[in-house]
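For ligands, and for the atoms within them, numbers begin at 1 and follow the listed sequence.
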Amino acid sequence: MGFIDTHCHLNDESYEDVASIVEECRNQNIEKMICIGFDLPSSIRAVELANTYDIVYAAVGVHPDDADSYNDEVEKQLEALALNNKKVVAIGEIGLDYYWDKASHDTQKSVFAKQIELARRLNLPIIIHNRDAFMDTYEVLNEYAPLRGVMHCYSGSLEMAYNYMKQGLHISFAGPVTFKNAKTPKEVAKEIPLDRILVETDCPYLAPHPHRGKVNYPYFVNLVGKEVASLKGISEEELMEAESRNVRELFGI
Ligand SMILES: [Zn+2]
C-alpha cells in the first residue's frame, strides 16, 4: 500500500530521464500516478508514458492557458486517444485560469464546457484546474452537475470546497498544503470528509516542503500525504487506504 499521485506532469519537457523517475517511485512505494495532459502534444505524450509504465495512467485534455489551441480537430484526437487507450482514465486538465489570463474568459469557458461534454460522452471523470476563477468555475460546473471529477491542487475556502463536493467532486491537495503559511488548505484538509480526499504533486511545479522552489517529482506525494494525514489526525496508512478507495471509485483503477 502506498500513496497515489493523482496529478503529475511526467510529460513535462523538463524531465529528461522518466524511466529513472518511475523507478524511484517504485522504490518509494508510490502505488500509481496519473500523468495529466495540458494540450494535445502533452496528452499524446501522457498516453505514451502510460502505455510504457504499468504504474502510470493518463488524462487527456486542454488546459485553460492553451484554450486558444482547442478546435474540433483537437477534440476528435482527444476523443480517439481516450477511446483507443484503456489507460486513459480522465479528461483533464480543464478549467479556468484568470491569473495568467492567456485566453479570453469566453473562450476559456466554452473550451471548458466542451471538454466536460466530451468527458460525459466518454463516461470519464474530469480533472479541474481553477486559478482566481472560483465563481465562474462553479457556475460552469453547475450546468452539468452532478459530476464525477476532482478539483485539483485545491486552494479555495472550506465553504467553496463544500459547494464543489455537493456537485459530486473530490478535492485534491498538492505541495502548498505542506507550506507553513498555508492556513486555508490546511483547514480544508482537516475538515473535509476522508471519502473525498485525493493527494497529488502537480510536478514539476509546486514542490512540497522541504523542497519548496526546487524541481518536484511524483514520489514527493509521500510528503503531501504525510501532512494531510497529520492534519486529519490519522495514520498515513489510513489515508493511503482511503485514497486508494477514492481513486478506485473515481478513476476505476
Ligand atoms: Zn497540472
Side-chain angles (χ1 to χ4, degrees), residues 3-15 18 21 25 30 32-50 56-67 69-70 78 81 87-103 108 111-112 115-116 119 124-134 137 141 149-156 164 169-179 182 185 197-208 211-221 223-225 243 247 250-251:
F3 284 116
I4 299 166
D5 185 357
T6 60
H7 191 116
C8 68
H9 297 290
L10 274 182
N11 48 353
D12 191 274
E13 286 174 336
S14 65
Y15 291 128
V18 174
I21 297 171
C25 287
I30 303 305
K32 298 179 180 95
M33 58 197 117
I34 306 176
C35 179
I36 314 291
F38 42 88
D39 58 10
L40 182 59
S42 63
S43 296
I44 293 169
R45 175 77 178 142
V47 173
E48 270 170 21
L49 292 171
V56 178
Y57 293 79
V60 298
V62 174
H63 188 285
D65 287 355
D66 293 288
S69 75
Y70 198 88
L78 293 175
L81 282 171
K87 290 186 86 184
V88 173
V89 297
I91 296 298
E93 57 188 288
I94 62 176
L96 302 176
D97 193 317
Y98 294 175
Y99 177 81
W100 291 109
D101 245 344
K102 292 199 180 167
Q108 291 192 41
V111 168
F112 184 22
Q115 292 183 98
I116 297 172
L124 287 173
I126 51 177
I127 294 170
I128 302 148
H129 170 101
N130 155 47
R131 194 160 179 199
D132 292 354
F134 277 96
T137 302
L141 290 168
V150 54
M151 294 302 294
H152 117 81
C153 192
Y154 188 73
S155 61
Y164 291 126
L169 299 170
H170 287 67
I171 304 289
S172 180
F173 298 95
V177 77
T178 68
F179 300 163
I197 290 184
L198 301 176
V199 288
E200 62 167 281
T201 61
D202 203 16
C203 67
Y205 317 105
L206 290 170
H211 307 285
R212 191 172 182 176
K214 299 191 191 125
V215 180
N216 194 3
Y217 295 97
Y219 42 86
F220 288 162
V221 75
L223 296 164
V224 177
E243 195 208 11
V247 165
L250 185 56
F251 299 111

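Ile91 has its side chain within reach of Val60: a pair of non-hydrogen atoms, C-beta onward, lies under 4.5 Å apart. The closest side-chain heavy-atom distance from Phe251 to Leu198 is below 4.5 Å.
In terms of distance to the Zn ion (ligand 1), the nearest N, O or S atom of Glu93 is named OE2.
Of the angles at the Zn ion (ligand 1), the one spanning OD1 of Asp202 and NE2 of His9 is 90° when given to 10°.
At a cut-off of 2.8 Å, Cys153 does not coordinate the Zn ion (ligand 1) through any N, O or S atom.
Geometric assessment of Arg212 against the ring of Phe179 yields a positive cation-pi assignment under the 6.0 Å and 45° thresholds.
Using cut-offs of 30° and 60° on the angle between ring planes, the pair Tyr217 and Tyr15 is tilted.
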